[in-house]
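Working notes, beginning with the structure itself.
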Amino acid sequence: MRWEKAFKSAFPVSIPVLTGYMVLGIAYGILMSTKGYGPLWTLLFSMLCFCGSMQFAAIPFLVGKFQPVYVFLLALMVNARHLFYALSMLEKYSGTGRLKWLCIYLMSDETFAINSTAEVPEDMDRGKFYAAVSVLDWSYWVLASVIGNVIGNLITINTAGLDFALTALFVVLFMEQLKNRKNAFCGVLGIVAAIVALIIFGADNLIIPAMVIIFAGLIIGRDRLCD
Amino acid sequence: MRLTDLQAAIIILCIVAGTFLTRSLPFIMFPEGKEQPKLISYLSRTIPAAMMGLLVVYCLKNVSVLTWPHGLPEIIGIGSTVGLHLWKKNVLLSILVGTIVYMVMIQRVFVM
């Protein structure tokens with residue numbers, strides 16, 4: 001019963017993720033099929049890895065030369081931002097028992113964005129809510145990539161721009177974060193850091209430099225931002 | 001040429017290991033029940049807003065502002081999302097309308 005309640009309140013907030021993941025997941029499934037990987041492999045990759053951008057980044061390494069060590073290092077680099085997500089979820093995911101490790105395993109950008117911003121109702125089990133968001137987002141991704149792999153080429157509706165749902169999701173959650181006045185500096189810092197990193201390091205390498213700038217900015221602004 | 005099944009399985013394990021390491025390392029370093037260093041709880045409070053800003057920019061990283069249509073579809077899409085959210089404060093509605101506006105912009109208005 002309490003699971004049902006958790007999923008009922010998690011589902012509405014996960015709809016934008018469903019929309020965005022459908023587009024990106026289907027695209028991933030199609031790409032996998034062009035590299036000679038069928039539904040079973042697509043399912044395995046999406047179920048076990050569940051890291052959209054890294055799954056795309058790994059595609060060139062699924063054909064040709066076998067380079068496991070390089071792929072491992074690439075996963076560390078591409079996913080370095082998750083270190084920051086995990087840092088900020090330390091308290092939120094604590095005290096949720098075994099669900100904690102499920103939430104950690106399934107922490108995508110979108111799941112982090114929702115769970116770090118959501119105000120879980122007092123009468124609800126926090127852990128179950130976080131886990132419900134995590135599992136829903138994960139199932140969308142898995143489902144979409146397999147659909148894309150099997151029937152992707154039959155889909156002819158013009159979905160161009162549908163993945164903007166994820167951009168809009170981050171924009172809205174950004175605004176929700178800024179409701180707390182104390183977060184204004186951090187929000188602006190994040191945007192400025194990313195733009196500076198984008199200009200200097202380019203679109204493909206912006207995340208780690210942006211994280212370094214954010215980290216430095218937070219340390220420098222610590223006295224001002226600490227209560 | 002495709003990797004062999006065994007090689008592909010190893011690649012999955014490598015991705016899982018790398019990804020899980022980045023997602024779990026802070027939880028392993030700062031286990032529950034122990035007092036967290038002040039710096040860490042400060043960072044966990046301030047990081048979400050900063051990362052949300054980063055993610056917005058990340059989504060827009062391939063938009064070229066120097067060439068036509070100069071990021072106008074994105075500006076209009078985000079503008080309508082922000083405007084509606086300030087007005088109605090309904091998360092789903094803001095995202096839904098913003099996405100539809102953006103789709104109309106790139107499919108109908110700014111057709112290249």
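What's counted below: heavy atoms across the whole structure, side chains too, no hydrogens, waters or symmetry copies. As the structure is a computational prediction, the values presented were derived from the model and not from experiment. Here is the naming used below: chain letters follow the sequence lines, and residue numbers restart at 1 for every chain.
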Does any heavy atom of chain A fall under 4.5 Å from the side chain of [X], the backbone, both, or neither of them?
X       : value
B:Gln7  : both
B:Leu92 : side chain
B:Phe20 : side chain
B:Lys38 : both

Can you say whether [X] sits under 4.5 Å from chain B via the side chain, the backbone, both, or neither, judging by heavy atoms?
X        : answer
A:Glu176 : side chain
A:Leu44  : both
A:Ile195 : both
A:Ala80  : backbone
A:Leu206 : side chain
A:Ile214 : side chain
A:Phe61  : backbone
A:Leu106 : backbone
A:Met77  : neither
A:Met54  : side chain
A:Lys92  : neither

Side chains of [X] and [Y] only: does a donor on one sit below 3.5 Å from an acceptor on the other?
X        : Y        : result
B:Tyr102 : A:Thr167 : no
A:Asp137 : A:Thr111 : yes
A:Thr96  : A:Tyr130 : no
A:Trp141 : A:Gln55  : yes
A:Tyr37  : A:Asn149 : no

Interface residue of largest heavy-atom contact number with chain B, from [options], under 4.5 Å:
options                                : result
A:Phe174, A:Phe164, A:Phe72, A:Phe170  : A:Phe164
A:Gly187, A:Gly190, A:Ser116           : A:Gly190
A:Asn158, A:Leu173, A:Val71            : A:Asn158
A:Leu189, A:Thr117, A:Asp163, A:Leu198 : A:Leu198
A:Tyr93, A:Trp101, A:Phe215, A:Phe84   : A:Phe84
A:Cys51, A:Gly202, A:Ala193            : A:Cys51

Could you check which of [options] has the highest count of heavy-atom pairs closer than 4.5 Å to chain A?
options                             : result
B:Leu96, B:Val57, B:Leu84           : B:Val57
B:Val56, B:Ile40, B:Val104, B:Leu86 : B:Val56
B:Ile15, B:Asn62, B:Leu13           : B:Ile15
B:Gly77, B:Ser94, B:Ser80           : B:Gly77
B:Ile47, B:Ile78, B:Ile10           : B:Ile47
B:Leu60, B:Leu43, B:Leu39, B:Leu21  : B:Leu39

Quick check for you: to the nearest 0.5 Å, what is the distance between [X] atom [atom1] and [Y] atom [atom2]?
X        : Y        : atom1 : atom2 : value
A:His82  : A:Ser108 : NE2   : OG    : 6.5 Å
B:Glu35  : B:Ser41  : CD    : OG    : 8.0 Å
A:Ile104 : A:Leu99  : CD1   : CG    : 11.0 Å

*With sequence neighbours excluded, residues passing ring pair (Phe, Tyr, Trp, His ring centres under 6.0 Å) with B:Tyr58*: none
*Find out whether A:Phe185 and B:Thr46 are in side-chain contact, i.e. whether some heavy atom of one side chain is under 4.5 Å from a heavy atom of the other.*
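Contact flag for A:Phe185/B:Thr46 side chains = no.
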*With a 4.5 Å heavy-atom cut-off, do A:Trp138 and A:Met47 have their side chains touching?*
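A side-chain contact under 4.5 Å exists here.
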*Hey, can you tell me if A:Tyr28 and A:Phe56 have their rings parallel, tilted or perpendicular (30° and 60° cut-offs)?*
perpendicular
*Look at the aromatic rings of B:Trp68 and B:His70 and report parallel, tilted or perpendicular, splitting at 30° and 60°.*
perpendicular
*Heavy-atom donor-acceptor pair, B:Gln107 side chain to A:Ala160 backbone, under 3.5 Å*: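 Looks like yes, one N/O pair under 3.5 Å.
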*For the ring pair A:Tyr85 and A:Phe112, is the centre-to-centre distance below 6.0 Å?*
yes
*Which residues share a side-chain contact (heavy atoms from CB on, under 4.5 Å) with A:Leu162, sequence neighbours left out*: A:Thr19, A:Val23, A:Thr159, B:Thr99, B:Met103
